[in-house]
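For reference, the structure discussed in these notes is given below.
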Protein chains: 2
Amino acid sequence: MIPADNGSVNMSRQSQHRLKDIARELGVSTSTVSRALSNHPHVSEETKERVKQAVEKAGYQLNAMASSLRKSKSNIIGLIVPRISMYFQSAVITAIQNELQKCDYNLMIFQSNESPALEKQLVNVLHALRVEGLIVSTTLYTEDFSPFDVFSKANVPLVFYDRVPKGYSAHKIKGDDYQGAYKSTLHLLEQGCRRIAHISGPLSCSLYSERYAGYQDALKKHKVALDESLVFFHELTHENALKTCQVLFAEEPYPDAFFTSNDTTAIAVMEYANKLKLSIPEDLKLAGYSNDPRVQIVHPAITSVEQFPYEMGEHAARLIMDLVRQNVRPGRSFISLTTPIELIKRESSKALSLTC
Amino acid sequence: MIPADNGSVNMSRQSQHRLKDIARELGVSTSTVSRALSNHPHVSEETKERVKQAVEKAGYQLNAMASSLRKSKSNIIGLIVPRISMYFQSAVITAIQNELQKCDYNLMIFQSNESPALEKQLVNVLHALRVEGLIVSTTLYTEDFSPFDVFSKANVPLVFYDRVPKGYSAHKIKGDDYQGAYKSTLHLLEQGCRRIAHISGPLSCSLYSERYAGYQDALKKHKVALDESLVFFHELTHENALKTCQVLFAEEPYPDAFFTSNDTTAIAVMEYANKLKLSIPEDLKLAGYSNDPRVQIVHPAITSVEQFPYEMGEHAARLIMDLVRQNVRPGRSFISLTTPIELIKRESSKALSLTC
DNA sequence: GTGTTTTATGCAATCGATTGCGGGATGGCT
DNA sequence: AGCCATCCCGCAATCGATTGCATAAAACAC
């Protein structure tokens, strides 16, 4: 009836798993084992060696939860993205994960599925897990950013990228959306297009409002009046794009070009144009956004804006690590980084003169 | 000089964050607060209400690490995949995450980047984090599965999917690769093809050896001799596929069809064929694998094998949850689930007779 | 041999939440 | 009034690792 030295029900599967067990086996204290494993200078080389061997032999693995609790340090960075299946996002994620790995940090990835409610819930989950930093690309519909306050209040670094909040103070990294849209639209204008349709996401999202601005300014530069009947804002899915095409191609005059805010939409437009027997780029020119690999497998290949997602991910990861490490907050100053973009011109927007 | 009741350096940011603080504010014990939050029956409704309000007001969030430690329950499931950017994988991940969310479990996602060494390291990280279950799709080159032993030893559920180990006892979920390949190849044969090239992944991976078997058996059924010069095994990237095409199209007779083990490869073959002015499906028929959305945006659309990744993810998530919940191991019996596939026939493999 | 560093180790408190056990208060009953 | 059951609640141990402080042991100087 004497209780075992460990109160657990299932002793057999526990005895390998604690620092204490290693210590007992070696006849030293847990302190020594702990210090040996963290390579503390006040432990003799000999003891360190013995400990490492015992740990190896027992297949012992530190309990990260206990360690994190004691050290108040989880070594976890949280990430919330709308969808991981988007090319841009998965490229960013890969970059972030690779970068964090170098610093022995782990990344906890969540999808908000474009739902602000779910996003809010995830913020809380990540806070409960005591992540040391949070990286976010918001949903299209996030307008209330107060759920993120828990992080600022707790002084935990918070970095937004790509879809960044408008009126909310925080660190932000984003592509140069204004320039991307401006260059794209300008390019289409230079190819002779005058009725350039624009399909984009909700203007509540800064990304899209900036692109809209770029689009408008390019038109202005060429003294083309903005025709609002050519402009559409909605979630950029394939289905939505086809619906918009139905409207735009309901009656002539048709648009002579499209500048769309993602490549899915550009591809959908191409599909619709094919059905109408319109040929690209002769009858209709196209420019998408993000330079998704898909734009190169369709014919003709589609002009698009490269955002360098891998670099953006690296930036985000490095920034958050800097913030995490220097545990000081630099006053109330926030970093706002705009990364360059590049317009990749392809067949879909080629001038006709060349083909004649 | 009297120390504050909490020894922390930075009291201001801590005082909101502990159960104890809520308790002090309400003049009750931490036990009561804890029980109130977990809706314990031995706490009066009135107290529960007071606690909940105080928690709400203070913006308090439970420390998941402390809770996990005490309960020996992390509520985290680990996931290791080769790459999240593959369509199939991101669909599975989404399904798993959605399913786990229903059970209040979180998913920790890692990419092995097709590196067995990194995979091993990730297994240990996830073990250190005391995930309650692990879901894995291995790298192409994983041949030694002993790193996964820590999970079996610790009696933590382990489920493999898609790329499952061959000689290693564990729960496995995979598509019916044999049937997928068999049906695909048979379909090509029925369209009149006789020189069907097969590009697949390393045979060390069960997936690909099964598909190879399906390919062979279909050929046998039609009494077509296996021509090993038409068969290639390598990592299924776009670049590799183009290289293989160079070999296959170096001299005539050309293959009259391709059955490739993924869609990236099929698309690359299509690209190469276009360069050679071969038309599909007239001169060359194609069948890919996984039914990646990309196969529908190219022209002609490519025949492929639908694997129902979302359903596979749901299966994996449900299985792991079942295993986690019933903390018993059902002897040494392992579940091996093969999910159905469906051949989706498209333009790229259409018989010529119809077009004549 | 005594005194003083240096080195290596152990003790015990701690991180924050959970939970078995014990006890006080309350109410109902005889 | 007395007894018991019921209902709430608090004490304190616990999860496993870390770390400040104390101390034993060894090394060194004189």
Side-chain angles (χ1 to χ4, degrees), chain A residues 3-11 13-24 26-51 55 58 60-75 127-130 154, chain B residues 3-11 13-24 26-51 55 58 60-75 127-130 154:
Chain A
D5 93 305
N6 109 35
S8 163
V9 199
N10 190 339
M11 161 100 186
R13 79 166 174 190
Q14 292 268 340
S15 58
Q16 300 283 324
H17 287 4
R18 298 169 315 168
L19 211 49
K20 193 194 284 185
D21 303 305
I22 304 283
R24 182 165 4 84
L26 262 56
V28 297
S29 72
T30 58
S31 325
T32 302
V33 179
S34 172
R35 281 192 269 250
L37 288 177
S38 58
N39 211 25
H40 190 98
H42 284 181
V43 175
S44 69
E45 285 305 324
E46 187 210 328
T47 311
K48 281 182 189 169
E49 195 48 45
R50 288 207 306 147
V51 167
V55 162
Y60 166 81
Q61 187 94 37
L62 188 113
N63 184 323
M65 291 180 324
S67 174
S68 300
L69 174 60
R70 180 55 228 255
K71 294 197 290 190
S72 299
K73 193 164 186 334
S74 64
N75 272 61
H127 180 227
L129 286 166
R130 297 297 187 268
Chain B
D5 92 305
N6 107 37
S8 163
V9 199
N10 190 339
M11 161 100 187
R13 80 166 174 190
Q14 292 268 338
S15 58
Q16 299 284 323
H17 287 3
R18 298 169 315 168
L19 209 51
K20 194 194 281 186
D21 303 306
I22 304 284
R24 179 162 12 79
L26 262 58
V28 297
S29 72
T30 59
S31 325
T32 301
V33 178
S34 172
R35 279 192 268 252
L37 288 177
S38 58
N39 212 25
H40 189 98
H42 283 182
V43 175
S44 68
E45 284 305 323
E46 185 210 330
T47 311
K48 281 182 190 169
E49 196 48 44
R50 285 207 308 145
V51 167
V55 162
Y60 166 80
Q61 187 93 37
L62 187 110
N63 183 322
M65 290 182 322
S67 173
S68 299
L69 174 61
R70 177 57 227 253
K71 294 197 291 189
S72 299
K73 194 163 185 330
S74 64
N75 271 60
H127 179 225
L129 285 167
R130 297 297 188 267

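Any value given below was found using the heavy atoms of this structure, including those in side chains, with hydrogens, waters and symmetry copies removed. In what follows, every chain begins at residue 1, and chains take the letters A, B, ... in the order their sequences are listed. Predicted, not measured: the structure shown is a model, and the values here were computed from it.
Between the side chain of A:Ser74 and the backbone N or O of A:Ser68 there is no donor-acceptor pair closer than 3.5 Å. Of the possible donor and acceptor atoms, one in the side chain of B:Lys48 sits under 3.5 Å from a partner among the backbone N and O of B:His40.
As rounded to whole Å, 15 Å separates atom C1' of C:dA17 from atom NE2 of B:His40. The NZ atom of B:Lys71 sits 7 Å away from the P atom of C:dT19 (whole-angstrom rounding). When rounded to the nearest whole Å, the span between CG of A:Leu19 and P of C:dT9 equals 15 Å. Note: CG (B:Asn39) to C1' (D:dC8) measures 15 Å, nearest angstrom. The CD atom of B:Glu46 sits 13 Å away from the C1' atom of D:dC9 (whole-angstrom rounding).
Note on A:Ser44: a side-chain N or O is less than 4.0 Å away from OP1 or OP2 of C:dT9. Close to D:dA17, at under 4.0 Å from its OP1 or OP2, lies no side-chain N or O of A:Thr30. A close approach under 4.0 Å does not occur between any side-chain nitrogen or oxygen of A:Ser31 and OP1 or OP2 of C:dA12. Taking 4.0 angstrom as the limit, B:Ser67 places a side-chain polar atom (N or O) nearer than this to OP1 or OP2 of C:dT18. OP1 or OP2 of D:dG10 lies within a sub-4.0 Å distance of a side-chain N or O belonging to B:Ser29. Using a 4.0 Å cut-off, some side-chain N or O of A:Ser34 falls inside it from OP1 or OP2 of D:dT18. The phosphate of C:dG16 (OP1 or OP2) has a side-chain N or O of B:Arg18 nearer than 4.0 angstrom.
No side-chain N or O of A:Ser34 forms a donor-acceptor pair with one of A:Ser31 less than 3.5 Å apart.
None of B:Val43, B:Val33, B:Leu19 except one satisfies the side-chain contact (heavy atoms from CB on, under 4.5 Å) rule with B:Val51; the exception is B:Val33.
Donor-acceptor pairing under 3.5 Å, judged by distance alone, is absent between the side chain of B:Arg130 and the base of D:dG16. With hydrogens and angles left out, the side chain of B:Arg70 and the base of D:dG16 share no donor-acceptor pair within 3.5 Å.
A:Thr47 comes within 4.0 angstrom of the backbone, heavy atoms only, and of no base. Using a 4.0 Å heavy-atom distance criterion, A:Val28 is classed as a sugar-phosphate-only contact.
Heavy-atom minimum distance, A:Arg24 versus A:Arg18: NH2-NH2, 4.1 Å.
Of the residues near DNA chain D, B:Pro41 and B:Leu69, the one whose nearest nucleotide (by heavy atom distance) lies more toward the 5' end is B:Pro41.
In this structure, of D:dA17, C:dG10, D:dC9, it is C:dG10 that holds the atom nearest to the side chain of A:Thr32.
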